[in-house]
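Here's the structure we're looking at; comments come further down.
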2 protein chains.
Amino acid sequence: MLSSILFYSLDKAIRSYRRFAQANIDRAGIPITIDQWLVLRVILEHDDLTQLEIAERVFKDQASVARILALLTQRGLLSAVPLPHDGRRTKLRVSEAGHQILEAVQPIVLSNRHQALSGLSDTDQALLRELLDRISLNCAQPAANLLAQP
Amino acid sequence: MLSSILFYSLDKAIRSYRRFAQANIDRAGIPITIDQWLVLRVILEHDDLTQLEIAERVFKDQASVARILALLTQRGLLSAVPLPHDGRRTKLRVSEAGHQILEAVQPIVLSNRHQALSGLSDTDQALLRELLDRISLNCAQPAANLLAQP
DNA sequence: TCAAAGACTATGATATATCATACAAGTTGC
DNA sequence: GCAACTTGTATGATATATCATAGTCTTTGA
């Protein structure tokens, strides 16, 4: 049975949460996706990252980030100023409109997390995080080679 | 810090696992995606589901399933025979080629899970599942209404 | 200083996610 | 037996995921 597989529960949990969270953001009439929000947050915390560095922080690849940045810029939530010392890059800055959206979303984000974690004690949450991080770590290792080359 | 958020760890874990698992399948030269595999598996277990019922089992929506089914059919891994008693539907059947791919992937799937869960005891795994299922359950509830209507 | 190597971004191709909607076919109520 | 409703599938539009690659710019090394 598929439902007996742990990764099935893992997939279900994150999909349920993302749908739930996005639905609440949509319901509040705030025009942003969770992925766009996450990228904005990263830029807010560090304003001198390359697309690859942003990608690593949000677990996406560089191409996905490039497209999200293009969208955010196009929507006026982000501005990109060329960096003088490197002609390839730009300095990304969250615009005023971007800040406003981040502020508007913040209480919804907190409420979403609170509801999603209701019934989990602090101990539960700490343990959950530990187990999840262990899985991430395991998957970052090079794969065991089923078809090992001589 | 984003990294202190539990859902960040959750997102990271499932993305790490999916990349890891897909890379191992690709490396073995088996031409199937994890999502396609999952849908095939569901059809194998129950051969009389509507697209919506399949979607519920794999946590996708009907539109996504429709497109995955079209692809699987186009690639010859699935056949669709019209059902006599309902002109809208078809009976889905995993083809011989589909069975072969499922068999070829199976050892890789098992190895992936084993590696990803290494270091987690049975107790850990049971607890992890419990916590994840609780989150899914919490997110299935209608949202708390921040802007409650009188 | 110049050529090779490396870093950074953009984009084409394909797959999936989601909403909305169109269309077809079945069911129900009267 | 027909209209209204419901169910099932397909698809357009937009966003994200991923790989591969092209194009630009920087750094390195002799």
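The model shown is predicted, which means the values in this text are computed figures rather than measured ones. Throughout, a chain's letter reflects where its sequence line sits, starting with A, and its residues are numbered from 1.
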Quiz item: Going by atom types only, do Ser64(A) and Asp61(A) share a side-chain donor-acceptor pair under 3.5 Å?
Solution: yes
Quiz item: Do Gln22(A) and Trp37(A) come within less than 4.5 Å of each other through their side chains, counting heavy atoms only?
Solution: no
Quiz item: Are Ile54(B) and Lys60(B) side-chain neighbours, meaning at least one heavy-atom pair lies under 4.5 Å?
Solution: no
Quiz item: Counting only non-hydrogen atoms, which of residues 78-85 of chain B are less than 4.0 Å from DNA chain D?
Solution: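 Heavy-atom contacts with DNA chain D come from no residue of residues 78-85 of chain B; none.
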Quiz prompt | side chain to side chain donor-acceptor pair (under 3.5 Å) evaluation trace for Ser121(A) with Asp124(A) | solution = CA-CA 5 Å; Ser121(A) 69; Asp124(A) 286 339; 3.3 Å; yes
Exercise. Check the angle between the aromatic planes of Tyr8(A) and Phe59(B) and answer parallel, tilted or perpendicular using the 30° and 60° thresholds.
Key: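 Tilted, since the angle between the ring planes falls between 30° and 60°.
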Practice problem: Tell me, yes or no, whether the heavy-atom count around Lys12(B) atom NZ, taken from other residues, nucleotides or ligands under 6.0 Å, exceeds 12. | Solution: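 No, the 6.0 Å shell around NZ holds no more than 12 heavy atoms from other groups.
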Practice problem: Report the distance from atom CD1 of Ile25(B) to atom CZ of Arg27(B), rounding to the nearest 0.5 Å. | Solution: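 The CD1 atom of Ile25(B) sits 11.0 Å away from the CZ atom of Arg27(B).
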Practice problem: Spell out protein contact along nucleotides 8-17 of chain C as letters: B when the base is contacted, S when just the sugar-phosphate is, - when no protein heavy atom is under 4.0 Å; keep the 5' to 3' order. | Solution: SBBBBB-SSB
